[in-house]
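First up is the structure itself, then whatever we jot down about it.
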Amino acid sequence: MKNVKNIKPTTILIFGATGDLAKRKLFPAFFNLYLDGHMPEYFTIMALGRAESSDEKFRSYVRENLNEFSRNKITSEEDFQKFASKIEYFQNDIDEEESYQVLAQRLNEIDETFGERANRLFYLSIAPAFIETIAVNIKKLELAANAQQDRIIIEKPFGYNKSSAVLLNELLSQTFKEEQIYRIDHYLGKETVQNILAFRFGNSMFEPLWNRNFIDSVQITVAEEVGVEDRGGFYEDAGALKDMMQNHMLQILSMIAMEAPTSLEADEIRNRKADVLRAIRRISPQEVNHYTVRGQYETGSIKGKPVTGYTQEKGVAANSTTETFTAMKFYLDNWRWQGVPFYVRTGKRMQEKQSSIIIQFKAVPHSTFSNGTDGLTPNRLIINIQPAMDIKLQFMTKKPGLSLSLKPAEMIFDYFSCSTQSPEAYETLLLDALLGDPTLFMRSDQVEEAWDVVDTIQQAWENDELLSFHKYEAGSWGPQAADDLLARQGHFWASNIV
């Protein structure tokens with residue numbers, strides 16, 4: 001078990017503590033870690049916000065949110081009061097240096113209370129536009145001067161294109177050392193995503209098959225039933241490419257395709273993932289239409305209930321060409337994966353919520369059965385990330401009866417059968433940050449390589465009005481063009497039917 005009891009006292013500073021992420025994810029994550037005994041013995045959570053508030057008022061706000069969003073509700077008043085006593089509210093104006101001077105004084109007072117200089121974990125739960133201002137003031141007042149004790153967590157989006165990501169990395173490197181910077185991608189904290197490493201490299205039966213000789217294709221799907229809800233303004237500037245493809249989707253692809261690390265050291269694992277990103281064949285501007293599909297949902301219905309189209313959502317322009325769906329075909333130019341297509345798609349207002357990885361193995365070269373290979377279903381390994389959390393292996397078996405005929409069968413490992421209280425992704429990642437373990441966080445070169453993968457695609461979509469743009473009905477599996485992308489090689493989206 002990861003032991004936080006041996007680390008120094010810690011002060012956690014949450015910039016944007018009154019925002020949606022802190023309300024729904026961060027405070028519930030810290031509360032659950034506290035209940036499970038995974039917080040440091042001595043800690044303080046400083047909730048930074050622009051609005052005026054008191055400690056007691058903010059703690060009441062946290063109580064309401066825990067009861068609504070935490071996987072563990074407040075069942076013990078004593079436990080909540082002990083946790084709440086660790087929270088203090090600090091009114092902070094991000095743009096005012098004086099505010100940081102008062103913050104520095106308060107941090108020194110907390111250190112005196114602990115009897116030693118505490119570790120400091122800065123969580124920037126704020127819009128990207130404020131990162132520079134906060135970083136400059138942290139540096140000016142030397143709030144994170146100890147590289148061994150101080151860390152900063154940066155939320156996505158990390159930049160809005162490759163050049164801005166490079167500039168942001170350069171900015172942060174002037175204030176922090178690389179080992180202090182934790183670029184968070186919550187998908188990497190999910191149990192089933194983490195289990196890819198254990199599944200691949202802890203079992204001798206699968207790794208010999210994990211290559212171009214035995215695998216026909218790989219599919220990665222992250223589908224959402226919800227639309228943009230009240231985030232229309234944000235989504236207009238992001239779109240599916242920047243919101244999902246450049247980060248979540250490519251990180252999952254890297255976990256699937258990476259070479260075996262020689263150890264579980266953070267940099268060794270991150271080196272192998274960076275190798276994958278460098279190996280992804282870049283799509284030229286002339287090939288964008290051939291290898292990518294972008295779409296936008298129209299009116300339709302989800303589970304029988306009518307829903308509006310994207311351009312009718314609040315904060316969205318009536319003539320918007322922001323994509324809410326994208327599908328792509330990637331190839332990796334390396335020894336292991338040469339010639340194997342990786343199909344990746346993500347979209348909103350899809351038929352159902354589903355995040356899955358499907359490894360499809362090659363068909364048997366010759367069948368001794370009377371119907372040949374026509375009746376054989378391909379062997380597939382299916383890793384469901386959410387809402388289902390399981391691993392399925394599909395293969396052919398004899399159908400019961402006197403005739404020798406075959407039928408598909410499955411072996412399933414179900415996470416929920418082992419534990420109904422799996423930790424949330426943010427709990428895993430925040431615990432790692434407290435411990436100083438950056439394994440599941442992105443390094444600067446990974447971020448820049450991921451942006452480089454989609455760079456020409458992004459530029460083409462933004463600048464070429466002649467590129468295809470497809471509408472799809474809400475409640476469907478996306479535009480027909482996404483099916484056509486696979487059909488050219490005799491494939492189809494298996495997750496639509498499994």
Legend entry - Donor on one side chain, acceptor on other, Ser70 and Asn72, under 3.5 Å: no
Inset, instruction - Would you check if there is a donor-acceptor pair between the side chains of Tyr297 and Glu313 at a distance under 3.5 Å? - result: yes
Inset, instruction - Using modelled atom types only, decide if a donor and an acceptor are shared between the side chain of Trp461 and the backbone of Arg294 within a distance under 3.5 Å. - result: no
Inset, instruction - Indicate, with yes or no, if the rings of Phe342 and Phe330 have centres closer together than 6.0 Å. - result: no
Legend entry - Shortest non-hydrogen separation from Ser125 to Ala22 and the atoms involved: OG-N, 4.1 Å
Legend entry - Salt bridge Glu178-Arg443, side-chain N to carboxylate O under 4.0 Å: no
Inset, instruction - Verify, without hydrogens or angle tests, whether Glu323 (side chain) and Phe469 (backbone) share a donor-acceptor contact under 3.5 angstrom. - result: no
Legend entry - Within 6.0 angstrom of Ile412 CD1, more than 12 heavy atoms from elsewhere: yes
Inset, instruction - Answer yes when Glu427 and Arg71 have at least one side-chain N-carboxylate O distance shorter than 4.0 Å, and no when they do not. - result: yes
Inset, instruction - Verify the distance criterion only: is there a donor paired with an acceptor across the side chains of Asn247 and Asp185 at less than 3.5 Å? - result: no
Legend entry - Distance-only side-chain donor-acceptor flag, Tyr160 / Gln246, under 3.5 Å: no
Legend entry - Lys25 NZ/CZ over Tyr426 ring centroid, <6.0 Å and within 45° of normal: no
Legend entry - Taking every non-hydrogen atom, the tightest pair across Ser217 and Val340: CA-CG1, 3.9 Å
Inset, instruction - Please answer whether the main-chain N or O of Ala482 pairs with a side-chain N or O of Trp493 as donor and acceptor at a distance below 3.5 Å. - result: yes
Legend entry - Glu259 and its side-chain hydrogen bond (donor to acceptor under 3.5 Å, both in side chains) partner, picked from Arg272, Arg336, Lys273: Arg336
Legend entry - Asn213 side-chain N/O to Leu209 backbone N/O, donor-acceptor pair under 3.5 Å: no
Legend entry - Backbone N/O of Asn119 and side chain of Thr10: donor-acceptor pair under 3.5 Å: no
Legend entry - Tyr472 side chain to Thr324 side chain, donor-acceptor N/O pair below 3.5 angstrom: yes
Inset, instruction - Answer with yes or no whether the side chains of Arg212 and Asn334 bring together a donor and an acceptor at under 3.5 Å. - result: no
Legend entry - Side-chain donor-acceptor contact under 3.5 Å, Tyr331 with Gln338: no
Inset, instruction - Please answer whether the main-chain N or O of Ala274 pairs with a side-chain N or O of Asp445 as donor and acceptor at a distance below 3.5 Å. - result: no
Inset, instruction - Could you tell me whether Glu236 and Lys314 make a salt bridge, using a distance below 4.0 angstrom between a side-chain N and a carboxylate O? - result: no
Inset, instruction - Using a strict cut-off of less than 4.0 Å between a Lys/Arg side-chain nitrogen and an Asp/Glu carboxylate oxygen, indicate whether Glu449 and Arg282 qualify as a salt bridge. - result: yes
Inset, instruction - Establish, from distance only, whether the side-chain atoms of Glu424 and Asn32 form a donor-acceptor pair under 3.5 Å. - result: no
Legend entry - Under-4.0 Å salt bridge between Glu473 and Arg349: no
Inset, instruction - Salt-bridge test for Glu77 and Arg63: reply yes if a basic N is under 4.0 Å from a carboxylate O, no otherwise. - result: yes
Inset, instruction - For Gln360 and Arg380, test the side chains for any donor-to-acceptor distance below 3.5 angstrom and give the result as yes or no. - result: yes
Legend entry - Flag, side chain of Asn203 to backbone of Met205, donor-acceptor distance under 3.5 Å: no
Legend entry - Salt bridge flag under 4.0 Å for residues Asp455 and Lys162: no
Inset, instruction - Taking atom types as modelled, find out whether Thr221 and Arg345 have a side-chain donor-acceptor pair closer than 3.5 angstrom. - result: yes
Inset, instruction - Please check if the side chain of Arg183 supplies one atom and the backbone of Ile153 the other of a donor-acceptor pair under 3.5 Å. - result: no
Legend entry - Salt bridge flag under 4.0 Å for residues Lys156 and Asp243: yes
Inset, instruction - Examine distances only and state if a side-chain atom of Arg151 and a backbone atom of Leu434 form a donor-acceptor pair shorter than 3.5 Å. - result: yes
Legend entry - More than 12 heavy atoms of other groups within 6.0 Å of Gln480 CD: yes
Legend entry - Phe158 and Trp451: CA distance, side-chain angles, deciding distance, ring-ring contact (aromatic ring centres under 6.0 Å, His included) verdict: CA-CA 10 Å; Phe158 194 88; Trp451 274 116; 9.2 Å; no
Legend entry - Any donor-acceptor N or O pair under 3.5 Å, side chains Gln394, Asn379: no
Legend entry - Any donor-acceptor N or O pair under 3.5 Å, side chains Thr262, Glu268: yes
Inset, instruction - Give a yes or no on whether the backbone of Val316 and the side-chain of Ser320 come within a donor-acceptor separation of less than 3.5 Å. - result: no
Legend entry - Centroid-centroid distance, Phe199 to Phe206, less than 6.0 Å: yes
Inset, instruction - Begin with the C-alpha distance, continue with both residues' side-chain angles, and end with the deciding distance and a verdict on ring-ring contact (aromatic ring centres under 6.0 Å, His included) for Tyr34 and Phe83. - result: CA-CA 7 Å; Tyr34 177 77; Phe83 175 73; 5.6 Å; yes
